Amino acid sequence: MIGSSLVKTPYGRFASTTWGPSMPIRQGWLVMEAPALPAFWGTLGVSPHLASPLAIAGGVIWTIHYLNRALYFPLTMRARPDGRMAVMVAGMGSGVATVHAWLYASWLGRLAPDVTWASLATPGFVLGAVTWALGFALITSSESILRNLRPPGDTRYHIPQGGGFRWVSSPHYLGEILAWLGLMVATGAPGGLFVLCVTLGNLVPRAAATHAWYKSTFSDYPASRRALVPFVW
Ligand SMILES: NC(=O)c1ccc[n+]([C@@H]2O[C@H](COP(=O)([O-])OP(=O)(O)OC[C@H]3O[C@@H](n4cnc5c(N)ncnc54)[C@H](OP(=O)(O)O)[C@@H]3O)[C@@H](O)[C@H]2O)c1
């Protein structure tokens with residue numbers, strides 16, 4: 001996705017006509033994210049360390065994450081008929097997602113030390129993998145709550161309840177940040193810092209904008225709910 005610090009990337013509730021032509025949002029997500037899967041496996045699949053434990057563990061985690069982001073999320077979203085994404089966002093996002101996939105695959109399959117299964121069980125790997133798992137659980141549970149807010153045919157926005165929404169307005173964004181932080185720590189991938197920075201640049205301003213939007217749209221919005229970090233912000 002575009003690293004858009006201070007800009008609300010124009011899709012969904014923040015869609016805008018000032019970013020040029022747009023496309024249906026479901027197709028936009030597929031165009032933006034799906035190319036990362038062949039980019040990742042096209043790189044890792046021909047790498048010398050393909051069978052190394054780090055490549056297997058990191059490859060499985062990355063692929064689970066991306067199957068949700070690139071396929072399950074867009075194919076199951078309750079898209080509004082007029083839901084749009086700017087073509088520029090989809091195109092630039094696709095480029096960034098492909099670079100991201102190539103960086104992780106190159107590290108896992110070629111550049112990282114070829115460790116044994118036993119030496120993989122370091123505190124760093126375990127801490128990182130647990131952080132990714134917690135983040136991923138937060139993403140999928142929050143996306144499920146959002147998906148089920150709209151009965152078929154409904155196009156309105158509602159106040160999400162339960163799960164991570166008890167504490168923050170965008171728990172799926174918090175989960176995304178935790179997940180990429182976790183994978184970076186687990187694999188030691190230098191390119192993971194690029195992925196984390198892009199994620200923060202996208203999601204911190206969007207979380208702020210989303211929180212402000214909820215508060216101005218719903219007079220009964222829970223006052224104790226924060227934007228992104230429970231009890232803090
Ligand atoms: N790594 C990155 O850089 C990055 C960047 C962006 C997103 N992501 C991830 O991609 C996922 C989707 O992000 P997003 O920005 O599209 O999330 P979002 O704005 O919360 O929208 C997710 C889906 O839920 C619907 N929705 C949201 N709030 C709703 C409400 N109050 N009532 C009814 N439906 C609601 C949206 O419909 P509408 O489309 O109609 O609004 C959309 O279908 C998230 O998990 C996020 O973490 C990652």
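All residue numbers in this chain count up from 1 along the given sequence. Values below: every heavy atom of this structure, side chains too, minus hydrogens, waters and symmetry copies. Just follow the structure's listing: the first ligand is 1, and inside any ligand the first atom is 1. This one's a predicted model, so the numbers in the text were calculated from it and none came from an experiment.
- For T199, heavy-atom contacts with ligand 1 shorter than 4.0 Å involve the backbone as well as the side chain.
- Proximity of W132 to H65: side-chain heavy atoms (C-beta onward) are separated by under 4.5 Å at one or more points.
- By the 4.5 Å heavy-atom criterion applied to side chains, E176 and S142 are not counted as neighbours.
- The heavy atom nearest to atom 43 (O) of ligand 1, considering only M77, M85, H100, is found in M77.
- Comparing Y214, Y173, W213 against atom 13 (O) of ligand 1, the shortest heavy-atom distance belongs to Y173.
- Judged by distance alone, the side chain of R26 and the main-chain N or O of M77 form a donor-acceptor pair under 3.5 Å.
- By the 4.5 Å heavy-atom criterion applied to side chains, Y104 and T187 are counted as neighbours.
- Under a 4.0 Å criterion applied to the non-hydrogen atoms of Y11, ligand 1 contributes the atoms 6 (C), 7 (C), 14 (P), 15 (O), 16 (O).
- Looking at H172 against ligand 1, both its backbone and its side chain come within 4.0 Å, counting heavy atoms.
- Contacts of R80 with ligand 1, taken as heavy-atom pairs under 4.0 Å, involve the side chain alone.
- Y214 carries R13 over the face of its six-membered ring, with the cationic atom under 6.0 Å from the centre and within 45° of the normal.
- Sorted by first and then second residue, the side-chain hydrogen bond (donor to acceptor under 3.5 Å, both in side chains) pairs involving residues 34-59 (not counting sequence neighbours) are W41-T63.
- Proximity of the aromatic rings of Y66 and H100 is defined here by a centroid distance below 6.0 angstrom, and this criterion is met.
- The heavy atom nearest to atom 25 (C) of ligand 1, out of those in R78, R150, H158, R84, is found in R150.
- The contact set between ligand 1 and L149, taken as ligand atoms under 4.0 Å from a residue heavy atom, comprises 30 (C), 31 (N), 32 (N), 33 (C).
- Judged purely by distance below 3.5 Å, without hydrogens or angles, the side chains of Y221 and S169 pair a donor atom with an acceptor atom.
- Ligand 1 places these atoms under 4.0 Å from at least one heavy atom of R156: 33 (C).
- Neither the backbone nor the side chain of V195 has a heavy atom within less than 4.0 Å of ligand 1.
- Less than 4.0 angstrom separates some heavy atom of G12 from each of these atoms of ligand 1: 39 (O), 41 (O).
- For ligand 1, the atoms closer than 4.0 angstrom to any heavy atom of I25 are 39 (O).
- Contacts of W29 with ligand 1, taken as heavy-atom pairs under 4.0 Å, involve the side chain alone.
- Within the structure, the closest approach of R69 to ligand 1 falls below 4.0 Å when heavy atoms are considered.
- Using modelled atom types, one finds a donor on one side chain and an acceptor on the other under 3.5 Å when comparing R206 with Y173.
- At least one N or O atom of E176, backbone or side chain, sits closer than 3.5 Å to an N or O atom of ligand 1.
- Every residue two or more places apart in sequence or in another chain that forms a side-chain hydrogen bond (donor to acceptor under 3.5 Å, both in side chains) with T76 is listed here: R147.
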